[in-house]
Amino acid sequence: MRFRPVGLPGPAAAGGVPADRSAELAAELEPQLAQLQAAETEARKVREQAAEEAARRREAAERMAMDCVEQARAAVQGVRNQSAARIREATAAEVAALLAAAERDTAALRGRVERRMPALVDRVVAAAIEDLAGTDGDLREGGTLR
């Protein structure tokens, strides 16, 4: 009770209409609320346009991806043929190098055979004559056949 409401000091005021505070607040905020409504409408339109643009871009990206896959499928046989041709060329070069090396080795081996053959033939003939001389008395002491 200590802070109970009291009237204004001074003589009584003339009768009047009570102040409508809610109408005053509504009138005061109405321009700002109208602007807010306009901003909300614009934001809704922007969101709708953005959703439409996103859907359009998504569809375009899907079409582009499908085109890319179709082009890759169309080009796969050509790429395979090119790869096979490169492998054949590399293999042919390797085969040619191996054949050349084999021919060099064969020529070297033939050269060694030609150099060693006369001596080996002489050794075999000598061993055969010696063998025959020991089992057969038909050979002379000079190592020649009769």
Is there a path from Leu120 to Val113 through hydrophobic residues (I, L, V, M, F, W, Y) whose side chains come within less than 4.5 Å of each other?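 As far as the 4.5 Å side-chain criterion goes, Val113 and Leu120 are not connected within one cluster.
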Any link between Met66 and Val76 through a network of hydrophobic side chains (Ile, Leu, Val, Met, Phe, Trp, Tyr) touching at under 4.5 Å? no
So do the side chains of Arg44 and Arg47 get within less than 4.5 Å of each other, counting heavy atoms only?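 In short, these two side chains touch, coming nearer than 4.5 Å.
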Nearest 0.5 Å please: distance from the [atom1] atom of [X] over to the [atom2] atom of [Y].
{"X": "Leu36", "Y": "Gln32", "atom1": "CG", "atom2": "CD", "result": "10.0 Å"}
{"X": "Glu59", "Y": "Arg63", "atom1": "CD", "atom2": "CZ", "result": "6.5 Å"}
{"X": "Arg112", "Y": "Met117", "atom1": "CZ", "atom2": "CE", "result": "12.5 Å"}
{"X": "Leu109", "Y": "Arg104", "atom1": "CG", "atom2": "CZ", "result": "14.5 Å"}
{"X": "Glu30", "Y": "Gln37", "atom1": "CD", "atom2": "CD", "result": "12.0 Å"}
{"X": "Thr91", "Y": "Arg86", "atom1": "OG1", "atom2": "CZ", "result": "12.5 Å"}

Establish, from distance only, whether the side-chain atoms of Gln77 and Asn81 form a donor-acceptor pair under 3.5 Å. yes
Are Glu53 and Arg56 within salt-bridge range, i.e. N to O under 4.0 Å? yes
